[in-house]
Amino acid sequence: MLTPTLRRIVLSSLMLTVALAACTAPTSAPTRSDAPRQWRIGMSQANNAEPWRQAMNEQIAAAAARHPNIQIEFTDARQNNAQQVADVEAFLSKGIDLLIISPNEATPLTSVVAKAYRQGIPVIVLDRKVRGDQYTMWIGADNRLIGRKAGEYTARWCREQRRSPCRVIELRGLEGSTPAQERGDGFREGIASNPDVQIIASQNADWLAERAETLSRVMFDANPTVDVVYAHNDPMAIASFNVARDQGRNTDAILFIGIDALPTPDGGIQAVRQGKLDVTYVYPTGGAEAIDWAIRILEQRETPPREVILDTEEVTSANAGVMWQKYGGQ
Ligand code: FRU
């Protein structure tokens, strides 16, 4: 039999042992899961040379920098599908935990994206799409909707300006990239309500200002009257404006529409403030969202939605100042 005092001592030393064991166990036998796991992410960019893509890379890098356990490597395919396939193959042989890709053109990139996905690597497709469903998720804005808004704006403007016919020239993005198709189709839906609107010329300038400049010169030369220029991105719209101005056309009488609305000195919002463009549409890069989802997929083991659709906004001279502030213009 233990005396009450002894019993108290035995009991409290037992409790102490248990308590000590409880608090020493993790430190004396560290488990691997205590150390934050390092994640290697490969980001395959279609073409660094375009300002909007530079903004996307910057936003990805800034978001990734907030997670010290993310290591991110960027590649630049320079608008070359074969190069982008090789870039992704190189990521796969080096070993990555997650792939982010903004594909140059849909069809040529589909199989390498599917290959990564089938190897069990989560794949986040950004802005431009691939074919089929062999990827984890897609993040981007609704390009058909943006095209439709641009078309509706055009239909309204032509009506208000009593232009009949109202002659549109279109500068398209790279044909095999999905936003070009969707922005073109949406625009045609948007103008359908006004039969006076006629697309008199449509050329593929591959998203590039230099090509848009050459093609605009050809299209303006061939068409003495142009009422509207609809370009699938701002660099092409601004290039076309410059050509019209240099040709001595009355640019105030022409509606210039672009897409992207980057808050940079050469970007679309500033071009609206300067009176070069009449309207542009915010096309968010999705860079921050891609990193957010990468972390949720890798660390929280979340199953993401198939699509995350980002918002757009119309920018005109009426709100360009506010938009400049809102999007952190500098
Ligand atoms: C840049 C860019 C943007 C455009 C996007 C469409 O390469 O042309 O200007 O909004 O790609 O994918």
Side-chain angles (χ1 to χ4, degrees), residues 46-47 50-56 59 102 104 126-129 139-157 168-191 197 199 202-213 215-216 228-242 254-264 266-287 309-320 323-324 326-327 329:
N47 186 19
E50 290 166 65
W52 186 85
R53 300 201 167 273
Q54 285 160 15
M56 181 196 272
Q59 286 164 21
S102 191
N104 187 49
L126 262 188
D127 133 68
R128 299 183 186 171
K129 297 172 183 161
I139 302 177
D142 183 340
N143 283 297
R144 198 179 190 107
L145 173 71
I146 293 174
R148 191 158 59 236
K149 280 174 181 281
E152 286 164 357
Y153 193 100
T154 300
R156 208 166 44 242
W157 183 88
V168 180
I169 65 177
E170 180 184 34
L171 287 159
R172 298 178 64 88
L174 187 66
E175 217 42 53
S177 63
T178 50
Q181 201 59 53
E182 293 162 349
R183 290 176 190 181
D185 293 351
F187 185 79
R188 283 158 179 77
E189 287 167 14
I191 59 175
V197 183
I199 301 175
S202 175
Q203 293 284 346
N204 180 354
D206 293 346
W207 302 116
L208 304 175
E210 312 82 65
R211 274 184 66 75
E213 191 184 316
L215 290 169
S216 294
V228 179
V229 173
Y230 170 53
H232 289 192
N233 73 3
D234 290 335
M236 298 192 292
I238 295 167
S240 190
F241 170 89
N242 291 339
I254 303 175
L255 178 72
F256 285 91
I257 307 178
I259 296 167
D260 277 350
L262 280 184
T264 56
D266 301 329
I269 299 182
Q270 193 67 341
V272 171
R273 292 170 93 193
Q274 292 164 343
K276 289 186 162 194
L277 300 187
D278 295 283
V279 50
T280 181
Y281 294 86
V282 173
Y283 187 58
T285 71
I309 302 192
L310 307 172
D311 288 338
T312 183
E313 285 194 84
E314 195 166 73
V315 181
T316 63
S317 61
N319 67 355
M323 291 290 149
W324 178 258
K326 177 172 172 181
Y327 290 97

Taking ring pair (Phe, Tyr, Trp, His ring centres under 6.0 Å) as the definition, give me every residue that meets it alongside W324, ordered by chain and number, with sequence neighbours left out. none

Once you round to the nearest 0.5 Å, how far does CG of L310 lie from OG1 of T285? 8.0 Å

Please list, chain by chain and in numerical order, all residues satisfying ring pair (Phe, Tyr, Trp, His ring centres under 6.0 Å) with F241, sequence neighbours excluded. F256

Verdict with supporting geometry, K129 and E182, side-chain contact (heavy atoms from CB on, under 4.5 Å): CA-CA 11 Å; K129 297 172 183 161; E182 293 162 349; 2.9 Å; yes

Can you tell me how far apart CD (Q59) and CG (L126) are? Round to the nearest 0.5 Å. 10.5 Å

Check whether any side-chain heavy atom of W52 lies under 4.5 Å from a side-chain heavy atom of L262, and answer yes or no. yes

Within-4.5 Å side-chain heavy-atom neighbours: L255 and V229: no

Can you name the residues that form a ring pair (Phe, Tyr, Trp, His ring centres under 6.0 Å) with F187, not counting sequence neighbours? Y230

Would you kindly say whether R53 and S102 are connected by a side-chain donor-acceptor distance under 3.5 Å? yes

From D185 CG over to R144 CZ, what is the distance, rounded to the nearest 0.5 angstrom? 5.0 Å

If we ignore angles and hydrogens, is there a donor and acceptor under 3.5 Å between the side chains of D234 and Y283? no

List the steps and the verdict of side-chain contact (heavy atoms from CB on, under 4.5 Å) for T154 and I257. CA-CA 9 Å; T154 300; I257 307 178; 3.2 Å; yes

In terms of heavy-atom contacts, A320 and I269 come closest through O-CG2, 3.4 Å

Please check: side-chain N/O of R128 versus main-chain N/O of N104, any donor-acceptor pairing under 3.5 Å? yes

Any side-chain to backbone donor/acceptor pair from D206 onto L208? Under 3.5 Å, distance only. no

Which atom of L171 lies closest to which atom of S216, heavy atoms considered: CD1-OG, 3.6 Å

Sub-4.5 Å side-chain heavy-atom contact between W157 and D278: no

Which pair of non-hydrogen atoms, one from A141 and one from I146, has the smallest distance, and what is that distance? CB-CD1, 4.3 Å

Within-4.5 Å side-chain heavy-atom neighbours: S202 and R172: yes

Within the side chain of T312, is there an N or O that forms a donor-acceptor pair under 3.5 Å with the backbone of V282? yes

Looking at R148 and D142, is there a salt bridge between them, counting it only when a charged N and a carboxylate O are closer than 4.0 Å? no

Does the side chain of E50 come within less than 4.5 Å of W207's, by heavy atoms? yes

What I'd like to find out is whether the side chain of I191 reaches to under 4.5 Å of the side chain of I199, using heavy atoms alone. yes

Going by atom types alone, do N319 and K326 pair a side-chain donor with an acceptor below 3.5 Å? no

As a quick check of understanding, evaluate salt bridge (Lys or Arg N to Asp or Glu O under 4.0 Å) for E170 and R188, giving each step before the final call. CA-CA 11 Å; E170 180 184 34; R188 283 158 179 77; 2.7 Å; yes

Using a 3.5 Å distance criterion without hydrogens, assess whether the side chain of S177 forms a donor-acceptor pair with backbone atoms of L174. yes

Assess the side chains of N143 and R183: does a donor N or O sit below 3.5 Å from an acceptor N or O? yes

So, H232 side chain and G173 main chain: donor-acceptor pair closer than 3.5 Å or not? yes

Which atom names give the shortest non-hydrogen contact between A237 and G258, and what distance separates them? CB-CA, 3.9 Å

For residues K149 and Y281, report the shortest heavy-atom separation together with the two atoms involved. O-OH, 3.3 Å

Tell me the closest heavy-atom pair linking D260 and N233, and the distance in Å. OD2-CB, 3.7 Å

Verify, without hydrogens or angle tests, whether S240 (side chain) and M236 (backbone) share a donor-acceptor contact under 3.5 angstrom. no

Is the closest side-chain heavy-atom distance between Y327 and M323 below 4.5 Å? yes

